[in-house]
Amino acid sequence: MAQYAQSGGLRDLTLESMRDLGSDDWLPGLAEPGSIGGVQYGIPWYAANRVVIYNKDLFEQAGIKSPPRTRTQWIADSERLNRDGNQGMYLPGQNWYVLAGFIWDENGELASDKGGDWKGTLDTPAALRGMAFYQDLQALGDGPKDADEEKPRRARCSPRAMSRRSSPPPAPRR
């Protein structure tokens with residue numbers, strides 16, 4: 001977006017943002033990506049949250065009465081659904097957006113700003129917990145694990161990993 005703004009290819013929406021679009025009520029994390037040098041070029045019209053989408057017939061066939069409410073239930077239900085050619089979980093390969101949600105759910109961050117210098121924080125306990133849960137979910141489906149992997153490996157979630165899962169699926173970051 002910065003290149004388009006620099007070339008004059010984007011319209012300055014700062015006045016409209018303040019006057020007509022309620023910019024005072026925007027979440028800063030959603031507004032900042034649309035702002036360059038204090039000028040608002042992008043409007044945060046859309047923010048997503050996590051939802052559960054499931055096939056009720058497949059849940060019923062597996063003896064599952066309702067969607068999971070905890071991570072432990074999510075893993076267990078996915079394992080029960082992994083039969084008769086069905087997948088209980090499908091993640092589309094390495095997906096940083098989904099992974100980031102699990103890291104944030106654990107109160108971790110991807111990086112931290114140290115006086116203008118960004119430092120990665122994926123080695124913190126919170127980030128590692130989020131990554132471990134993502135790995136557990138990834139192991140339950142036949143989606144691609146790595147870009148160069150021809151055939152996905154099938155792994156099972158370890159009892160140790162499952163025992164530390166007690167919180168529900170991630171809520172949107174605010």
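The figures here come from the full heavy-atom set of this structure, side chains too, leaving out hydrogens, waters and symmetry mates.
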Could you state the interatomic distance from [atom1] ([X]) to [atom2] ([Y]), rounded to the nearest 0.5 Å?
{"X": "W118", "Y": "D113", "atom1": "CH2", "atom2": "CG", "result": "4.5 Å"}
{"X": "D20", "Y": "S17", "atom1": "CG", "atom2": "OG", "result": "9.0 Å"}
{"X": "D77", "Y": "R69", "atom1": "CG", "atom2": "CZ", "result": "12.0 Å"}
{"X": "L81", "Y": "L58", "atom1": "CG", "atom2": "CG", "result": "6.5 Å"}
{"X": "D136", "Y": "E79", "atom1": "CG", "atom2": "CD", "result": "9.0 Å"}
{"X": "D24", "Y": "M18", "atom1": "CG", "atom2": "CE", "result": "8.5 Å"}

Can you find a pair of side-chain heavy atoms, one from [X] and one from [Y], that are under 4.5 Å apart?
{"X": "Y41", "Y": "L13", "result": "no"}
{"X": "W74", "Y": "L137", "result": "yes"}
{"X": "L110", "Y": "W104", "result": "yes"}
{"X": "Q40", "Y": "W26", "result": "yes"}

What closest approach, in Å, do [X] and [Y] show between heavy atoms, and which atom pair accounts for it?
{"X": "M89", "Y": "N82", "result": "N-OD1, 4.4 Å"}
{"X": "G130", "Y": "L99", "result": "O-CD1, 4.3 Å"}
{"X": "S66", "Y": "F59", "result": "O-CE2, 3.9 Å"}
{"X": "L21", "Y": "I43", "result": "CD1-CD1, 3.9 Å"}
{"X": "R83", "Y": "A62", "result": "NH2-CA, 2.8 Å"}

Backbone of E109 reached by a side-chain donor or acceptor of T121 within 3.5 Å: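 Flag set: sc T121 to bb E109 pair under 3.5 Å.
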Polar side-chain atom of N55 near backbone of D57 as donor-acceptor pair, under 3.5 Å: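 Yes; at least one donor-acceptor contact below 3.5 Å.
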Does the distance from a Lys or Arg side-chain N to an Asp or Glu carboxylate O, for E16 and R11, drop under 4.0 Å?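 Yes.
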Test: R71 and E106 ion pair at under 4.0 Å: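 E106 and R71: salt-bridged.
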Can you hop from V39 to L15 via hydrophobic side chains spaced under 4.5 Å?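 Each belongs to a different hydrophobic cluster.
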Do L128 and F133 share a hydrophobic cluster, counting only Ile, Leu, Val, Met, Phe, Trp and Tyr and linking them when any side-chain heavy atoms are less than 4.5 Å apart?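 In one cluster: yes.
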Atom CD of Q73: over 12 foreign heavy atoms under 6.0 Å: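 More than 12 within 6.0 Å, yes.
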